[in-house]
Chemist: 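Have a look at this one.
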2 protein chains.
Amino acid sequence: MPVTINDLSRKLGLSRSTVSKALNDRGDVSLVTKRRVRQAAKALGYQPSAAARNLRRQRTDKIGLVLNYPFYRVSDFLAELIPGMATAAEASAYNLILYTSLAGNAQRVKSLCRSRELDGIVIAWPQALGETVALSRLLAEEEMPHIFLPRRLPRADLSYVATDHESGARMLTEHLLQLGHRRIGFVRLPEVYETDADRHAGYAKALKAAGIAYADELVLAADSSAADYGERSFTAFMRLDEPPTAILFFTDPMAIRALSHARERNIRVPQQLSIAGYDGILPSGVTVPSLTTVRQPAAHIGKLAVESLLALIADGSREARQHILPVELIARGSTALVPGLAS
Amino acid sequence: MPVTINDLSRKLGLSRSTVSKALNDRGDVSLVTKRRVRQAAKALGYQPSAAARNLRRQRTDKIGLVLNYPFYRVSDFLAELIPGMATAAEASAYNLILYTSLAGNAQRVKSLCRSRELDGIVIAWPQALGETVALSRLLAEEEMPHIFLPRRLPRADLSYVATDHESGARMLTEHLLQLGHRRIGFVRLPEVYETDADRHAGYAKALKAAGIAYADELVLAADSSAADYGERSFTAFMRLDEPPTAILFFTDPMAIRALSHARERNIRVPQQLSIAGYDGILPSGVTVPSLTTVRQPAAHIGKLAVESLLALIADGSREARQHILPVELIARGSTALVPGLAS
DNA sequence: CAACTTTACGAAATCGATTTCGATTCTGTC
DNA sequence: GACAGAATCGAAATCGATTTCGTAAAGTTG
């Protein structure tokens, strides 16, 4: 049997109240007594029962992360995000609980809230805006502080941490423009979330700023999110009368597939064609040539999400917290000067 | 304010005891009453308070995963392992709590145990056997069911889930032997844990079974765990009078570094030299040539670890549970017939 | 020195469930 | 119709802390 506060109080000849107050450093206990209590607590290895404490204080010092299975695809992101969140939580004396089989089931999220085992929730599952708004309302009704990840949401009342995909796409495009490219292919994703629109906007704005006309035939939308659209879009681009000299792929896996497809067709990258990806997953660093891409600071996202959530908890969820983090352009070997300009 | 069992009992005109027993499907409540109670609970959206329930039942239905920072290196492994564990836990109505800043600090682990917020712990941090044994004893004293990950431990009283690195190394070696290689280099790690000894044993046994003498000059021990030992050992091997025709690297990052080093020196892989790695991280699939390696079933390890731990919890931790999972040989483009035999 | 304030501590309520045990009602049997 | 036993239900204890409020002792003030 573990030692409880009763054992401590009995051994010290003090009441439970005094022991509790001494350990929690309240004002109405003398310094001498505090010292005595603390020494005894240390000697007996006393640690308050989490359950009893949670029940009485109506808080658990725990936050939840609700994950969705599809996220597995971006394993690098997850492997950084999750420990990053846990570490940030622990730095503030909180802990992180993982939920992998809750996503998409609002009813079970509601039950989770009502069991009051969490002080706040981070929601990381991709869904349409309408569902996000509905979920947020449900959580608000349950008075559960919450924050969404990792997407920018076009509503002032929703809290989220996202990355600036528009500027990411813009940086990539400008990078290629500086290398002399004028015909730049762009591959979008079919699932039209904000990320796609953002990246596309970044691409379009960079072109416009450079005074280059937007060409419809240079923008393809994948009909599936599978990596093999990398090859298919590649082929489609090459069939154009005037093919692009550089291609931006929406995801690294697509770009990597395109790389090997180019190799098979004896198209040299980057000498004849520049290729870039997006996300900065680990494999992008070891392809030949290594892939130019954009990387999200996953650990930082996690840290910021946790800190924002804790702020919401402390605030009584007064106002929404929104953060958009900059992304990092990683210029590597798969992009180079446009063929005509090469020395 | 959320609805409590008192609200329910008042609304139904029943005592708290009866309501509780009805919801927990005890025998001494009539079917009619059970139905009434359940309908009311559903209608009011009643969910028992986790804290109150934990306090009374002296269990939390939660397990912990204590992670160590160095594990970040093998991000693929983590990204599969952690969600795998969480999912397995949820399948048994448990949840997973992450601890990233506890590893190496036995005192804090002890405090964690005494706060009784966990029913069991999975320890995933690399350490010397002596420390593992000491930690296990500490946990046993606290009556905390626990299991170690992901290493084989040479003690009958410790519970663990590991993978069979001996057979992994053996499979790799035999794969090369079948391709006609007779001089096979092997790069060990300096931190001498069981994994290293196991893999080395697998290598040695495969050679012996094939009737090939073990050559000391073909086995190098890295003086650091850094990936750049991939290049250094590569260079050392190539300086031998009779260099190996194939090299087994202890980790994928080393092997990948060796691949690009070979490319720079115009040594064609696999035509002139075969190279293999270990761990099956994602990047190994996209190198040119793609890397022959061995993959650990991380999600499966996590699932099995959780299931074993839950069994220990149910058992009252009677006897240690030990599992050694098979690994998978992934033969890819970096290994081929020995040069002399090539057609 | 009376009146008042401050200091230090304890009794008891409370958080919200589960569980034990006792009381009552109902059923069935002879 | 009496009685044993089964079926239902509730009162109260319990889990282990925190917090409110009351009280006695000590200190302060004019």
Side-chain angles (χ1 to χ4, degrees), chain A residues 1-38 40-41 44-62 93 111-119 143, chain B residues 1-38 40-41 44-62 93 111-119 143:
Chain A
M1 280 299 109
V3 36
T4 73
I5 200 173
N6 283 307
D7 303 330
L8 250 187
S9 76
R10 218 170 311 136
K11 177 143 301 190
L12 286 163
L14 288 169
S15 72
R16 292 200 307 257
S17 343
T18 304
V19 173
S20 172
K21 285 182 286 191
L23 291 174
N24 289 302
D25 207 17
R26 291 312 176 80
D28 67 346
V29 178
S30 76
L31 286 177
V32 191
T33 308
K34 278 185 185 171
R35 201 162 325 153
R36 266 188 71 217
V37 171
R38 283 177 194 156
L44 293 182
Y46 168 74
Q47 196 71 25
S49 148
R53 173 175 258 248
N54 292 344
L55 176 59
R56 175 65 230 211
R57 301 170 62 170
Q58 300 284 63
R59 43 180 286 203
T60 62
D61 297 332
K62 304 209 180 319
S111 295
L112 178 61
C113 293
R114 301 219 158 173
S115 75
R116 284 145 287 164
E117 65 186 33
L118 296 177
D119 294 347
E143 299 181 56
Chain B
M1 281 299 109
V3 36
T4 72
I5 200 173
N6 284 307
D7 304 328
L8 249 187
S9 76
R10 219 170 310 135
K11 178 144 297 191
L12 285 164
L14 288 170
S15 73
R16 293 201 306 257
S17 346
T18 305
V19 173
S20 172
K21 285 182 286 189
L23 291 173
N24 290 302
D25 208 18
R26 292 310 177 81
D28 70 345
V29 178
S30 75
L31 285 177
V32 191
T33 307
K34 278 185 187 171
R35 200 159 329 151
R36 266 187 69 215
V37 171
R38 283 177 194 158
L44 294 182
Y46 168 75
Q47 197 70 27
S49 147
R53 173 174 256 248
N54 292 345
L55 176 59
R56 177 65 230 211
R57 301 170 62 170
Q58 300 285 64
R59 42 179 285 204
T60 62
D61 297 331
K62 302 208 182 318
S111 295
L112 178 61
C113 292
R114 300 221 157 171
S115 74
R116 284 146 287 164
E117 66 185 33
L118 296 178
D119 294 347
E143 298 181 57

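Here is how names work: the chains are called A, B, and so on, in the same order as the sequence lines, proteins then strands, and each is numbered from 1.
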Chemist: Round to a whole Å and report the spacing from CZ of A:R56 to P of C:dA12.
Modeler: 16 Å

Chemist: Within the modelled atom types, does a donor on one side and an acceptor on the other bring the side chain of A:S17 and the base of C:dA11 under 3.5 Å apart?
Modeler: yes

Chemist: Just how far, in rounded Å, is P of D:dT19 from CG of A:D25?
Modeler: 13 Å

Chemist: Find out whether B:S49 and B:T4 are in side-chain contact, i.e. whether some heavy atom of one side chain is under 4.5 Å from a heavy atom of the other.
Modeler: no

Chemist: What is the nucleic acid contact for B:N54, judged by heavy atoms within less than 4.0 Å: base, sugar-phosphate only, or nothing?
Modeler: nothing

Chemist: Quick check: closest heavy atoms across B:E117 and A:K62, and the distance to 0.1 Å?
Modeler: OE2-NZ, 3.3 Å

Chemist: Do you know which two heavy atoms are closest between B:L8 and B:A40, and how far apart they sit?
Modeler: CD2-CB, 3.8 Å

Chemist: Can you tell which of D:dC15, C:dT18, D:dC9 lies closest to the side chain of B:L55?
Modeler: D:dC15

Chemist: Within the structure, does a side-chain N or O atom of B:N6 lie under 4.0 Å from either OP1 or OP2 of C:dA17?
Modeler: no

Chemist: In whole angstroms, how far is the P atom of C:dG10 from the CZ atom of A:R16?
Modeler: 12 Å

Chemist: Mind checking B:S49 for me? I need base, sugar-phosphate or nothing, with any heavy atom below 4.0 Å counting as a touch.
Modeler: sugar-phosphate

Chemist: Is B:Y46 near enough to C:dA17 that one of its side-chain N or O atoms lies under 4.0 angstrom from OP1 or OP2?
Modeler: yes

Chemist: Between the axis at one end of the helix from C:dC1-D:dG30 to C:dC30-D:dG1 and the axis at the other (five pairs apiece), what's the angle to 10 degrees?
Modeler: 40°

Chemist: B:I5 has an atom CD1; how far is it from atom C1' of D:dG10, in whole Å?
Modeler: 13 Å

Chemist: Take atom CZ of B:R10 and atom P of D:dG10, then tell me their distance rounded to the nearest Å.
Modeler: 15 Å

Chemist: Specify the closest pair of heavy atoms between A:A51 and B:N54, including all atoms of both residues, with the distance to one decimal.
Modeler: CB-CB, 3.7 Å

Chemist: Assuming nearest nucleotide by heavy-atom distance, tell me which of B:P2 and A:L31 is located more 5' along DNA chain C.
Modeler: A:L31

Chemist: Rounded to the nearest angstrom, tell me the gap between atom CG in A:L8 and atom P in C:dG10.
Modeler: 13 Å

Chemist: Where the side chain of B:K34 meets the backbone of B:R26, is there a donor-acceptor pair that is under 3.5 Å apart?
Modeler: yes

Chemist: Looking at B:Q47, I'd like to know whether one of its side-chain N or O atoms comes within less than 4.0 Å of OP1 or OP2 on C:dA17.
Modeler: no

Chemist: Considering just the side-chain nitrogens and oxygens of B:Q58, establish if one lies under 4.0 Å of OP1 or OP2 belonging to D:dT14.
Modeler: no

Chemist: With respect to the phosphate group of D:dT18, does any side-chain polar atom (N or O) of A:R53 fall under 4.0 Å of OP1 or OP2?
Modeler: yes

Chemist: B:G27 or A:A52: which one's nearest nucleotide on DNA chain D is closer to the 5' end?
Modeler: B:G27

Chemist: Nearest to the side chain of A:K21, heavy atoms from C-beta on, is which of D:dC9, D:dA17, C:dG10?
Modeler: C:dG10

Chemist: Search all heavy atoms of A:L23 against all heavy atoms of A:Y46 and return the closest pair with its distance.
Modeler: CD1-CE2, 3.5 Å

Chemist: Pick the nucleotide of DNA chain D nearest each of B:R116 and B:T33; which residue has the one closer to the 5' end?
Modeler: B:T33

Chemist: Between B:R57 (CZ) and D:dG16 (C1'), how many Å, whole number?
Modeler: 17 Å

Chemist: Without swapping roles, check the side chain of B:R36 against the backbone of B:L12 for a donor-acceptor pair under 3.5 Å.
Modeler: yes

Chemist: Round to the nearest Å and state the distance from A:D28 atom CG to D:dG22 atom C1'.
Modeler: 12 Å

Chemist: Would the distance check show the side chain of A:R116 and the main-chain N or O of A:R114 forming a donor-acceptor pair, the cut-off being under 3.5 Å?
Modeler: yes

Chemist: When all nucleic acid strands are considered with a 4.0 Å heavy-atom cut-off, which category describes A:S30: base, sugar-phosphate, or nothing?
Modeler: sugar-phosphate

Chemist: So does A:L112 get a backbone contact from the side chain of A:S115, meaning a donor-acceptor N/O pair under 3.5 Å?
Modeler: yes

Chemist: Is the shortest side-chain N/O distance from A:T4 to OP1 or OP2 of D:dG16 below 4.0 Å?
Modeler: no

Chemist: Regarding A:R26, tell me which of base, sugar-phosphate or nothing describes its non-hydrogen contacts under 4.0 Å with the strands shown.
Modeler: sugar-phosphate

